[in-house]
Amino acid sequence: MEKKVLFVAYQSPVGSVWPNEVFRTAFGMYGEDIEPAVLFLDEACVTVSKNTKPELLGLFPLTTCHRLIKRYGTPVYVVKEDLERYNVKEMEEIFNPQILSRVELSDFLHQFDLVIFM
Amino acid sequence: MALILVKYGPSHPVAKLKLETAKEEDRVLLIQNGVYWALEDPSKYTKARVYATKGDFVARGYGEEESKVPLLDYPEVVDLIVENEKFIG
(Lines give C-alpha, C1' and ligand atoms only; values in the text may rest on other atoms or scores of the structure.)
Protein backbone atom coordinates (compact mmCIF):
# COMPACT_ATOMS: atom_id res chain seq x y z
CA MET A 1 0.00 0.00 0.00
CA GLU A 2 1.29 3.50 -0.87
CA LYS A 3 2.90 5.33 2.04
CA LYS A 4 1.41 8.72 2.88
CA VAL A 5 4.04 11.30 3.83
CA LEU A 6 3.45 14.85 5.07
CA PHE A 7 6.17 17.49 4.96
CA VAL A 8 5.68 20.42 7.33
CA ALA A 9 7.35 23.84 7.08
CA TYR A 10 6.98 26.35 9.89
CA GLN A 11 9.57 28.98 9.02
CA SER A 12 9.08 32.04 6.85
CA PRO A 13 9.54 31.59 3.06
CA VAL A 14 11.49 34.84 3.04
CA GLY A 15 14.86 34.47 4.71
CA SER A 16 14.61 30.70 5.08
CA VAL A 17 14.75 28.09 2.36
CA TRP A 18 12.47 25.58 4.08
CA PRO A 19 9.14 26.16 2.27
CA ASN A 20 10.95 25.71 -1.04
CA GLU A 21 12.78 22.64 0.29
CA VAL A 22 9.51 21.11 1.48
CA PHE A 23 8.21 21.29 -2.09
CA ARG A 24 11.44 19.97 -3.63
CA THR A 25 11.40 17.02 -1.22
CA ALA A 26 7.74 16.33 -1.87
CA PHE A 27 8.29 16.32 -5.65
CA GLY A 28 11.07 13.77 -5.18
CA MET A 29 8.58 11.37 -3.57
CA TYR A 30 6.70 10.80 -6.82
CA GLY A 31 9.65 8.81 -8.13
CA GLU A 32 9.27 6.49 -5.11
CA ASP A 33 5.52 5.86 -5.44
CA ILE A 34 4.95 7.77 -2.24
CA GLU A 35 2.01 10.12 -1.93
CA PRO A 36 3.34 13.39 -0.46
CA ALA A 37 1.44 16.34 0.98
CA VAL A 38 2.63 19.68 2.30
CA LEU A 39 1.53 21.62 5.36
CA PHE A 40 2.53 25.22 6.10
CA LEU A 41 2.33 26.24 9.77
CA ASP A 42 2.99 29.50 11.64
CA GLU A 43 5.11 31.94 9.60
CA ALA A 44 5.34 29.49 6.70
CA CYS A 45 1.66 30.13 5.92
CA VAL A 46 2.60 33.31 4.00
CA THR A 47 4.08 31.01 1.38
CA VAL A 48 0.59 30.67 -0.13
CA SER A 49 0.02 34.40 -0.28
CA LYS A 50 -0.23 35.83 -3.80
CA ASN A 51 1.93 38.75 -2.75
CA THR A 52 4.85 36.85 -1.21
CA LYS A 53 7.90 37.45 -3.46
CA PRO A 54 11.28 36.57 -1.90
CA GLU A 55 12.84 37.48 -5.25
CA LEU A 56 12.22 41.16 -4.44
CA LEU A 57 15.13 40.77 -2.02
CA GLY A 58 17.16 38.75 -4.49
CA LEU A 59 16.19 35.49 -2.77
CA PHE A 60 15.03 32.21 -4.30
CA PRO A 61 11.51 32.67 -5.74
CA LEU A 62 8.53 30.43 -4.90
CA THR A 63 7.38 30.42 -8.51
CA THR A 64 9.83 27.66 -9.38
CA CYS A 65 7.43 25.25 -7.63
CA HIS A 66 4.35 26.36 -9.52
CA ARG A 67 4.95 24.27 -12.65
CA LEU A 68 5.41 21.02 -10.71
CA ILE A 69 2.55 21.67 -8.34
CA LYS A 70 0.30 22.04 -11.37
CA ARG A 71 1.67 18.83 -12.91
CA TYR A 72 1.49 16.65 -9.78
CA GLY A 73 -1.39 18.33 -8.00
CA THR A 74 0.51 18.13 -4.71
CA PRO A 75 -2.00 18.81 -1.90
CA VAL A 76 -1.09 21.91 0.12
CA TYR A 77 -2.60 22.60 3.54
CA VAL A 78 -2.59 25.67 5.76
CA VAL A 79 -4.12 26.47 9.13
CA LYS A 80 -6.94 29.01 9.33
CA GLU A 81 -5.75 30.54 12.60
CA ASP A 82 -2.28 31.10 11.12
CA LEU A 83 -3.69 32.77 7.99
CA GLU A 84 -5.64 35.12 10.22
CA ARG A 85 -2.74 35.78 12.57
CA TYR A 86 -0.34 36.56 9.70
CA ASN A 87 -2.98 38.51 7.78
CA VAL A 88 -2.84 36.51 4.55
CA LYS A 89 -5.65 37.97 2.46
CA GLU A 90 -5.16 36.77 -1.10
CA MET A 91 -3.91 33.28 -1.89
CA GLU A 92 -2.00 32.12 -4.97
CA GLU A 93 -4.48 29.89 -6.89
CA ILE A 94 -1.76 27.52 -8.10
CA PHE A 95 -1.20 26.31 -4.53
CA ASN A 96 -4.94 25.73 -4.19
CA PRO A 97 -4.46 25.35 -0.43
CA GLN A 98 -6.90 23.35 1.68
CA ILE A 99 -7.62 25.11 4.95
CA LEU A 100 -7.64 23.27 8.29
CA SER A 101 -8.57 24.62 11.66
CA ARG A 102 -6.19 24.17 14.57
CA VAL A 103 -8.47 21.66 16.29
CA GLU A 104 -8.35 19.37 13.23
CA LEU A 105 -4.54 19.19 13.30
CA SER A 106 -4.24 16.19 15.61
CA ASP A 107 -6.44 13.91 13.50
CA PHE A 108 -4.91 15.32 10.33
CA LEU A 109 -1.31 14.54 11.36
CA HIS A 110 -2.31 11.04 12.36
CA GLN A 111 -3.67 10.28 8.87
CA PHE A 112 -0.10 10.03 7.59
CA ASP A 113 2.43 7.24 7.94
CA LEU A 114 5.27 9.72 8.23
CA VAL A 115 5.18 13.39 9.23
CA ILE A 116 8.43 15.28 8.83
CA PHE A 117 8.91 18.79 10.20
CA MET A 118 11.55 20.63 8.18
CA MET B 1 -0.25 4.83 17.43
CA ALA B 2 2.56 7.19 16.49
CA LEU B 3 6.01 7.92 17.85
CA ILE B 4 6.44 11.66 18.18
CA LEU B 5 9.99 12.98 18.32
CA VAL B 6 10.51 16.31 20.08
CA LYS B 7 13.95 17.90 19.81
CA TYR B 8 13.18 21.51 20.80
CA GLY B 9 12.47 22.93 24.24
CA PRO B 10 9.35 24.61 25.65
CA SER B 11 10.06 27.92 23.90
CA HIS B 12 9.73 26.40 20.43
CA PRO B 13 6.26 26.65 18.78
CA VAL B 14 6.56 23.42 16.84
CA ALA B 15 7.53 21.37 19.90
CA LYS B 16 4.47 22.72 21.69
CA LEU B 17 2.24 21.90 18.70
CA LYS B 18 3.49 18.31 18.45
CA LEU B 19 2.78 17.73 22.14
CA GLU B 20 -0.66 19.34 21.90
CA THR B 21 -1.67 17.23 18.88
CA ALA B 22 -0.42 13.96 20.39
CA LYS B 23 -3.09 11.38 21.12
CA GLU B 24 -3.39 9.27 24.27
CA GLU B 25 -2.10 6.14 22.53
CA ASP B 26 0.97 7.89 21.10
CA ARG B 27 4.47 7.77 22.51
CA VAL B 28 6.58 10.95 22.79
CA LEU B 29 10.36 10.75 22.81
CA LEU B 30 12.24 13.82 24.02
CA ILE B 31 15.70 14.10 22.52
CA GLN B 32 18.36 16.83 22.34
CA ASN B 33 16.92 20.09 23.76
CA GLY B 34 13.53 18.40 23.91
CA VAL B 35 14.64 16.89 27.24
CA TYR B 36 13.93 20.24 28.92
CA TRP B 37 10.27 19.27 28.76
CA ALA B 38 11.14 16.38 31.12
CA LEU B 39 11.54 18.85 33.97
CA GLU B 40 7.76 19.35 33.96
CA ASP B 41 4.89 17.00 34.68
CA PRO B 42 3.92 15.74 31.19
CA SER B 43 0.20 15.74 31.94
CA LYS B 44 0.42 19.52 31.83
CA TYR B 45 1.35 19.59 28.14
CA THR B 46 0.27 16.32 26.49
CA LYS B 47 -2.08 13.34 26.65
CA ALA B 48 0.55 10.88 25.39
CA ARG B 49 3.09 8.89 27.37
CA VAL B 50 6.45 10.70 27.42
CA TYR B 51 10.01 9.40 27.57
CA ALA B 52 13.36 11.18 27.44
CA THR B 53 16.84 10.09 26.40
CA LYS B 54 19.02 9.69 29.47
CA GLY B 55 22.24 10.78 27.78
CA ASP B 56 20.80 14.10 26.62
CA PHE B 57 19.23 14.77 30.03
CA VAL B 58 22.34 14.04 32.11
CA ALA B 59 24.59 15.89 29.65
CA ARG B 60 22.61 19.03 30.41
CA GLY B 61 23.64 18.87 34.05
CA TYR B 62 20.58 17.23 35.58
CA GLY B 63 20.44 14.30 37.94
CA GLU B 64 18.29 11.40 36.78
CA GLU B 65 15.98 11.94 39.76
CA GLU B 66 15.05 15.38 38.41
CA SER B 67 13.23 13.92 35.44
CA LYS B 68 9.45 13.76 35.63
CA VAL B 69 9.43 11.16 32.83
CA PRO B 70 11.14 7.78 32.38
CA LEU B 71 14.69 8.09 31.03
CA LEU B 72 15.72 5.66 28.31
CA ASP B 73 19.15 4.53 27.29
CA TYR B 74 19.86 4.01 23.60
CA PRO B 75 18.86 0.33 23.28
CA GLU B 76 15.49 1.26 24.84
CA VAL B 77 15.17 4.19 22.42
CA VAL B 78 15.68 1.78 19.51
CA ASP B 79 12.97 -0.50 20.89
CA LEU B 80 10.58 2.43 21.14
CA ILE B 81 11.28 3.45 17.55
CA VAL B 82 10.74 -0.09 16.24
CA GLU B 83 7.52 -0.58 18.23
CA ASN B 84 5.70 2.34 16.61
CA GLU B 85 4.46 2.16 13.02
CA LYS B 86 3.70 5.84 12.45
CA PHE B 87 6.18 8.64 13.00
CA ILE B 88 5.88 12.37 13.55
CA GLY B 89 9.25 14.05 13.81
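Looking at F117(A), both its backbone and its side chain come within 4.5 Å of chain B, counting heavy atoms on both sides. Looking at L114(A), both its backbone and its side chain come within 4.5 Å of chain B, counting heavy atoms on both sides. Only the backbone of Q111(A) comes within contact range of chain B, with heavy atoms under 4.5 Å apart. For F108(A), no part lies near chain B; criterion is any non-hydrogen pair under 4.5 Å.
Around the CZ atom of R85(A), the shell of radius 6.0 Å holds no more than 12 heavy atoms that belong to other residues, nucleotides or ligands. Enclosure of atom NZ in K47(B) is not indicated, since only 12 or fewer non-hydrogen atoms of other residues, nucleotides or ligands lie within 6.0 angstrom.
For the set D42(A), L109(A), V103(A), V8(A), the entry with the most heavy-atom pairs within less than 4.5 Å of chain B is L109(A).
With rounding to the nearest 0.5 Å, the separation of OG1 in T46(B) from CD in E24(B) is 10.0 Å. Distance NZ/K54(B) to CG/D73(B): 5.0 Å, rounded to 0.5 Å.
Remark: the H12(B) side chain and the N33(B) side chain contain no N/O donor-acceptor pair separated by less than 3.5 Å.
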